[in-house]
Amino acid sequence: MDAKILIAQRVAQELKDGDLVNLGIGLPTLVAQFLPAGMRAFFQSENGLIGMQALAEKAAAFEDLTDAGGTPASFIPGAAAFDSVTSFGFIRGGHLDVTVLGGLQVDEAGQLANWMVPGKMVPGMGGAMDLVSGAKRVIVAMTHTAKGEAKIIRKCTLPITSVRRVDLIVTDMAVIEPTAEGLVLKEVAPGTAIEDVMAATEANLIIAADIREMSLSA
Amino acid sequence: MDAKILIAQRVAQELKDGDLVNLGIGLPTLVAQFLPAGMRAFFQSENGLIGMQALAEKAAAFEDLTDAGGTPASFIPGAAAFDSVTSFGFIRGGHLDVTVLGGLQVDEAGQLANWMVPGKMVPGMGGAMDLVSGAKRVIVAMTHTAKGEAKIIRKCTLPITSVRRVDLIVTDMAVIEPTAEGLVLKEVAPGTAIEDVMAATEANLIIAADIREMSLSA
Amino acid sequence: MSKLTTLAAAVEKIPDGASVMIGGFMGGGSPHRLIAELVRQGKKNLAIIANDTARPGIGIGRLIDANAVVKLVTSHIGLNPETQKRMIAEEIEVELVPQGTLAERIRAGGTGLGGVITPTGVGTVVAEGKPTIEIDGETFLVEKPLKADFALIHAVRADLFGNLQYQLTARNFNPVMAMAGETVIAEADIVVPVGMIPPDHAETVGVVVDFLVARKG
Amino acid sequence: MSKLTTLAAAVEKIPDGASVMIGGFMGGGSPHRLIAELVRQGKKNLAIIANDTARPGIGIGRLIDANAVVKLVTSHIGLNPETQKRMIAEEIEVELVPQGTLAERIRAGGTGLGGVITPTGVGTVVAEGKPTIEIDGETFLVEKPLKADFALIHAVRADLFGNLQYQLTARNFNPVMAMAGETVIAEADIVVPVGMIPPDHAETVGVVVDFLVARKG
C-alpha cells in the first residue's frame, strides 16, 4: 500500500463524530477521503471556511473558494465563511478538536519541527504555529524517515513549531504517542516488525504493553 | 433659550461634513437636530450601528433597533450594523472623529469626570472611558453649573473618565478650550458677561485675546 | 444533526452557581425566553457577565429582581436602581468594566488570547491593582480574558446546526459571547433547515453552538 | 457621496516607499487590478504586509517579480521561490509572522489595542527579542500592532459609500486590513447604489473606505 494512503487511513480513525478538524496541505488533506462510513467531521480551512469538502467536479471550481493550498474546493450544506481573524480565533481559542499536520522532525519531548530548514527552505510557518499551540489534539502525519534519515529523533535540530507536546504521531511504520515519560510505540504497520521501527527511529521508544498491529478499518 | 438647546446648537457647529460622530445619551443626542443644512455627519451608536437617526414616527419603532439609551431609532441609507467588539474597535482605533458627552466635572488639566459619584450614584462607565480615550476629538456638553455648584473646577474630585485632555467644553454660558497652558475661555453665551462666567467657574480661566460671543448659526 | 431542544431542557443544564454570559444591550437582543425560564426554574447564585442589567422587570433586570445573581461583571447599571441598591447593600458583587474592554476581554476568552492591552482606563480607578505595560513609549492596561460556563445568545435566525444570524442593534454582545461560553445555548426567532443560511451570512458558526431553542418549543 | 475613482487615480495616491497592506490568500481575494496597476505605474520600495506572496506571476507575486518590494511582513512564502530567492539574497527584508498572530497584529493596529498577548510562538524563534508576559501562571508573547499607509482591499460587492461585502474564502485578510490602513482603497467586482447593501450585510463599514475602484473603470 502507498505510504501516504496508509497514514491517511490510520489518521482518519482518530476522528470522532462531530469533530472540527483542520487538515494541513499535502498528505493530511488525504485524511478526509477515509472517514468511516456514517461519520461526520467538519473540516476547517484556515483561509476562512468551516464545512469544506473536496471539489466533486472540476467544472464547479470557483475562484473565491479554495482550500489553504489554493486548490479549488467546495462546501457542505451548513458551511460558514469568515475572515482570517475569526479563523484563528477558532484555532487559538480551543474550538478546533483536531489538527493534522505534516512534520520534518518530532523529538522525545513530543515537540514538532515542520516549518523551516535554515539556509535551505524557509517557507514560513503559515498557520502551523497557531494550529499546534491551539488545537485540542495535534496529530503529526508523516513518513517515518526522509531519504533514509530518521525524523523521530532525540531532540529537534530544526526550529520547533511550538513548545507544546503533540498528541500522536502516525507514520507509514508506526503509531507513536508522545507522553510525559517519552515516546510510546503503540502500533506497528502491517508487516513491520518492532525492530524495523526501532532501527528507523533515532529517539528512544517505550514499547507499549499492549502494542498491536495498525488496524486500517474502523 | 433653553440651556440644553443652546448647548446642542453650539456643539453642532463643531461637526464637519463627513464626520463619524458618537453622541452620548441625554443632552448630546439633541445635537443631531441642529446640523447645518446640507451637512452630513454619520452617527455611531455604540450598541452597534453607524448611520443612526431619530425615529420619524412612533409607528416605525422596531425592537431590534434602538440607540444606546434603549430608545427606538432608525437608520439612513448606507447604514451598517455590527457587534460590540467592532463598535469599540471603531472608537478605540481612532476611526471616530468626534464624541460628544455629558460631564459632572472638568478640571484645569482638561480631565473629565462623568461616570460616578462615590457612595451616591454608581451607574458604571458604559462606553464613556473608551470614547474619551479613543475619539479623535472629545467635546463635553454640559450645563455650566449644577445646583449653583461649579462643575469646571481646579482638580476633579470625582473619579475621572480618562487621563486624556478633552478638546472642548460647551456649556450654556461659555465655550472653553482646554490646552497645555490651561482652560481658555473662547466664547461667552449671548447676554452673558465674562465676569458671570468667571464667577460660575472654580477653575482658572485664560481669556482668549479674540474672545467673542457664541454664534449659534452656521 | 439538529441541536434543537426545549426551553426547559436547555435551561435545566445550567446549575445554580454557574457563570453565565448573556447577550443584549438594555434588553435589546437579550435571550428573553431563556432569561424567563432561568427565573421560572428558580436558579440561584449566578455569576452574570453582561453589558448591563437593563431595567427592573426587563431583560437581565428580571434576574436581579428574582435575586438570582450574586456576582456581576458589567459596564453599566445606571438605568437599573435595583442593581445599584443590591450592589450598595453588598448583596451583589459588581465589577464595572469599560464597555469596549468588556467586549475585548470576552473576545480574548473565546479566541485564546492571554489578555487585552488597552489604553482605556489607564490612570483611572479601573486601573487599580492591574498590571500595565509600556509599548513604544505608551502605557497600556493589561486586562484578563473572560470565559463562562454558559453563554445565552439571542439570534434572529438559526439553522438546525446552530449557524446564527443577527439583526441591527440586537447583535451587540451576542456574537462574541457565542465564542466564549463553555456551553452555548441560542434562542432564535426563526429556525430553518441546514443549508438555508448561506456560508457568507452565518455570523456565528454552528460548531460553537451546543443547544438551540426555537421561539415556540 | 460617491467614493468611486479610476484605477489609475487611486493607485497614483500611493508613493514609492509606502507601507501597503494587501488582502488575499494565495491570490484568492487579492485586489488583482490594483496590484497590476502598482506594477504598471512602476512603484518601488514598497513595504508589503500580506498573508503570503502567492506564486510568481500571480497576485502579490507580481509585485515581487516587478522588484517593487523591499520589505515584507508575511506568514508564508513557501509557494513563491522568487520571494525566497530575494530574501536569501537580502534584496527583500522578510519578517515571518504566524498567520493568526499576523491577523491579530493588524486587528490591534486597526482597533487601537496596544498589542497582542498570544500563546503562539512562545519558546520558538518567533519569540526572540520580544517581551513575554505571565498571566495566571501561563507565559504569553507580546506582539506589536501593525498599521500601514495604505490598505488595498478586494470585495465582491460595494456600495458607492464604501460599504463592502465579501465572498467565501476571498474574505480572508480583507476585512481586518480595511480597519488598519491610513488610506483604504477597495476594488469591488460589483458596485451598487447606497442603500442596496442592507445594514446587516455590510461587512466592512463604508466610513473606513476612502476610495473605490470598480471592476471596469
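All values below come from the heavy atoms of this structure, side chains included, with hydrogens, waters and symmetry mates left out. Convention: sequence-line order gives letters A, B, ...; per-chain numbering from 1.
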Correct closest heavy-atom pair for A/Met129 and D/Pro98 would be SD-CG, 3.7 Å
Quick check on A/Phe62 against chain D: is it the side chain, the backbone, both or neither that has a heavy atom closer than 4.5 Å? side chain
For chain A, which candidate among D/Ala103, D/Gly100, D/Gly27, D/Ala170 shows the most heavy-atom pairs at distances under 4.5 Å? D/Gly100
Among A/Thr161, A/Asp67, A/Val122, the residue with the most heavy-atom pairs under 4.5 Å to chain D is A/Val122
Going by atom types only, do D/Asn172 and A/Ser84 share a side-chain donor-acceptor pair under 3.5 Å? no
The interface call for D/Val97 against chain A, heavy-atom contacts under 4.5 Å, is backbone
Given a strict heavy-atom distance threshold of 4.5 Å, which part of A/Ser162 is in contact with chain D: side chain, backbone, both, or neither? backbone
Heavy-atom cut-off 4.5 Å, strictly under: side chain, backbone, both or neither for A/Glu46 against chain D? both
Pair count under 4.5 Å, heavy atoms only, with chain A: among D/Glu203, D/Arg107, D/Glu104, highest is D/Glu104
Please report the closest heavy-atom contact between D/Val125 and A/Pro159, naming both atoms and the distance. CG1-CB, 4.2 Å
Which answer fits A/Met116, side chain, backbone, both or neither, if we ask what part of it has an atom under 4.5 Å from a heavy atom of chain D? neither
Over all heavy atoms of both residues, which pair between A/Ser133 and D/Pro119 is shortest? Give the atoms and the distance, please. OG-O, 4.2 Å
Check whether more than 12 heavy atoms from other residues, nucleotides or ligands sit under 6.0 Å from atom NZ of A/Lys186, and answer yes or no. no
Where on A/Ala73 is there a heavy atom nearer than 4.5 Å to chain D: the side chain, the backbone, both, or neither? neither
Are there residues of residues 77-87 of chain D whose heavy atoms fall under 4.5 Å of chain A's heavy atoms? If so, which? D/Ile77, D/Gly78, D/Leu79, D/Gln84, D/Met87
Name the option with the most non-hydrogen atom pairs under 4.5 Å to chain A; the candidates are D/Thr101, D/Val94, D/Val176, D/Leu168. D/Leu168
Under 4.5 Å, counting heavy-atom pairs only, tell me which of D/Ala54, D/Gly121, D/Ser75 racks up the most with chain A. D/Ser75
Please look at D/Phe25 and chain A and tell me whether the side chain, the backbone, both or neither of the residue comes under 4.5 angstrom of a heavy atom of that chain. side chain
Between A/Ile160 and chain D, which part of the residue has a heavy atom less than 4.5 Å away: side chain, backbone, both or neither? both
Side-chain heavy atoms of A/Phe88 within contact of D/Leu102, under 4.5 Å: no
Which heavy atom in A/Ala81 sits nearest to a heavy atom in D/Arg171, and how many Å separate them? CB-NH1, 3.3 Å
Do you know which of A/Leu65, A/Val163, A/Asp64 has the most heavy-atom pairs under 4.5 Å to chain D? A/Asp64
Pair D/Met26-A/Asn47, side-chain contact (heavy atoms from CB on, under 4.5 Å): steps then yes or no: CA-CA 9 Å; D/Met26 283 305 301; A/Asn47 55 334; over 6 Å; no
For the OG1 atom of D/Thr120 and the CZ atom of A/Arg164, what is their distance to the nearest 0.5 Å? 11.0 Å
Kindly check if the number of other-residue, nucleotide or ligand heavy atoms within 6.0 Å of CD (D/Glu91) is above 12? yes
